[in-house]
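What follows is one structure encoded as C-alpha cells, with my remarks underneath.
Chain letters run A, B, ... following the sequence lines, proteins first, then strands; residues in each count from 1.
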Amino acid sequence: MPSTCEPLPRDFFLAPPSLVAPALLGKLLICRRGRALRRVRLVETEAYLGTGDRAAHSAAGRTRRNAVLFGPPGHAYVYFIYGMHYCLNVSTLPDGEAGGVLFRAAEEEGMPPRALSGPGRLTRALGIDLRDNGRDLTRPGSLYLADDGYHPYPVAQGPRIGIRHDAHLQLRFFLPGHPAVSRTRQLR
DNA sequence: AGCGGGATTAGC
DNA sequence: CTAATCCCGCTT
C-alpha cells in the first residue's frame with residue numbers, strides 16, 4: 001500500500017521524453033479547481049522529441065506558442081487544437097532544449113474510464129486550459145504531478161496517434177488493456 | 001490583414 | 001467519414 005505522496009522532483013523531467021513518458025505512467029496528476037480536488041493516475045502518454053522530431057510542435061524551432069517546451073523541465077505546455085480542445089504536456093530536458101510528454105489518458109476512482117480517455121477529454125474533465133500553460137508541475141499547487149509509490153506493470157508501447165510524420169516511431173506508452181487507453185493499434 | 005493547418009472528438 | 005471551431009505561425 002502506498003504510504004507517501006510526494007511531488008515529482010525537477011530531476012525527474014531532466015531526462016529525454018522517451019524515458020520520461022513511460023516513467024510517468026502510474027503517476028498522479030493532482031488538480032485543484034476551486035473547492036474541487038482531483039487526483040488522477042496517468043495510464044497513457046506520448047513522447048515528443050526536440051527539434052529532430054517532425055511530429056513535435058518544437059520541430060520548427062522556438063515560437064511564442066511552444067516556448068515552454070524549450071524552457072526548464074517540469075512545466076505545463078498546454079495548447080489549443082481544432083478550435084475546441086486543450087492538450088496538456090510536461091516539458092522535459094534542460095532549459096534551452098526542447099522536449100515534452102503528452103498526457104493522453106488517466107484513471108480516477110469513481111469516474112467512468114471514458115471521461116479521462118483521450119487528451120481532449122482529460123483536460124476537459126479537469127478544467128485545464130491555456131491559463132495553465134507554463135505552470136510548474138513540480139510545485140504543489142493548483143496543478144502538479146506526484147508519486148505515491150505505485151508502479152504499474154506491464155507497460156506497452158506503440159505508434160503515436162493522430163500524427164503524420166515519423167508514424168513508425170514507438171513513442172506512445174500505455175497500460176495494456178486499461179479501459180481508458182486508446183483502443184486502436186495496441187501493439188507490444 | 002489574410003490564410004491554412006492542426007498531438008481531437010462526437011455524431012451521422 | 002466529416003463537421004466543429006479558433007489559435008497560431010507564416011505570408012502578403
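Of all nucleotides in DNA chain B, those with any atom nearer than 4.0 Å to a heavy atom of chain A start and finish, going 5' to 3', at dG6(B) to dA10(B).
A cation-pi arrangement, defined by a distance under 6.0 Å to the six-membered ring centre and an angle within 45 degrees of its axis, is present between R172(A) and F174(A).
Between the side chain of D166(A) and the backbone N or O of R54(A), at least one donor-acceptor pair lies under 3.5 Å. Within the 3.5 Å criterion, the main-chain N or O of L28(A) finds no donor-acceptor partner in the side chain of R39(A). Checked by atom type and distance alone, the side chain of S117(A) pairs as donor or acceptor with a backbone atom of A180(A) at under 3.5 Å. Proximity of a side-chain donor or acceptor of N133(A) to a complementary backbone N or O of L130(A) within less than 3.5 Å is not detected.
Across all strands, R124(A) comes closer than 4.0 Å to no nucleic acid atom at all (heavy-atom distances). Residue I163(A) is classed as a sugar-phosphate contact, given heavy-atom separations below 4.0 Å to backbone atoms only. Contacts of R164(A) with the nucleic acid, taken as non-hydrogen atoms under 4.0 Å apart, involve only primed sugar atoms and P, OP1 or OP2.
Under the 4.0 Å criterion applied to side-chain N and carboxylate O atoms, D53(A) and R160(A) are assigned as salt-bridge partners. A salt bridge links R38(A) with E108(A): the distance from a Lys NZ or Arg NE/NH1/NH2 to an Asp or Glu carboxylate oxygen falls below 4.0 Å.
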- Message: Taking Watson-Crick (N1-N3 plus N6-O4 or O6-N4) and G-U wobble (N1-O2, O6-N3), each under 3.5 Å, can you produce the dot-bracket string of DNA chain B? Use [ ] for crossing pairs and | for inter-strand ones.
- Response: ||||||.||||.
- Message: If you apply the rule salt bridge (charged side-chain N to carboxylate O under 4.0 Å, His left out), what do you find for K27(A) with D148(A), and how did you get there?
- Response: CA-CA 7 Å; K27(A) 298 297 184 289; D148(A) 68 347; over 6 Å; no
- Message: Output one letter per nucleotide in nucleotides 2-12 of chain C: B when a protein non-hydrogen atom lies under 4.0 Å from the base, S when only the sugar-phosphate is that close, - when neither is.
- Response: --BBBSSS---
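Taking for each of A56(A) and R114(A) the nucleotide of DNA chain B with the nearest heavy atom, the 5'-most of the two is the partner of A56(A).
Note on ring orientation: taking the six-membered ring where Trp is involved, the planes of F80(A) and Y86(A) are tilted (angle from 30° to 60°).
Atom CZ of R33(A) sits in a crowded spot, with more than 12 heavy atoms from other residues, nucleotides or ligands closer than 6.0 Å.
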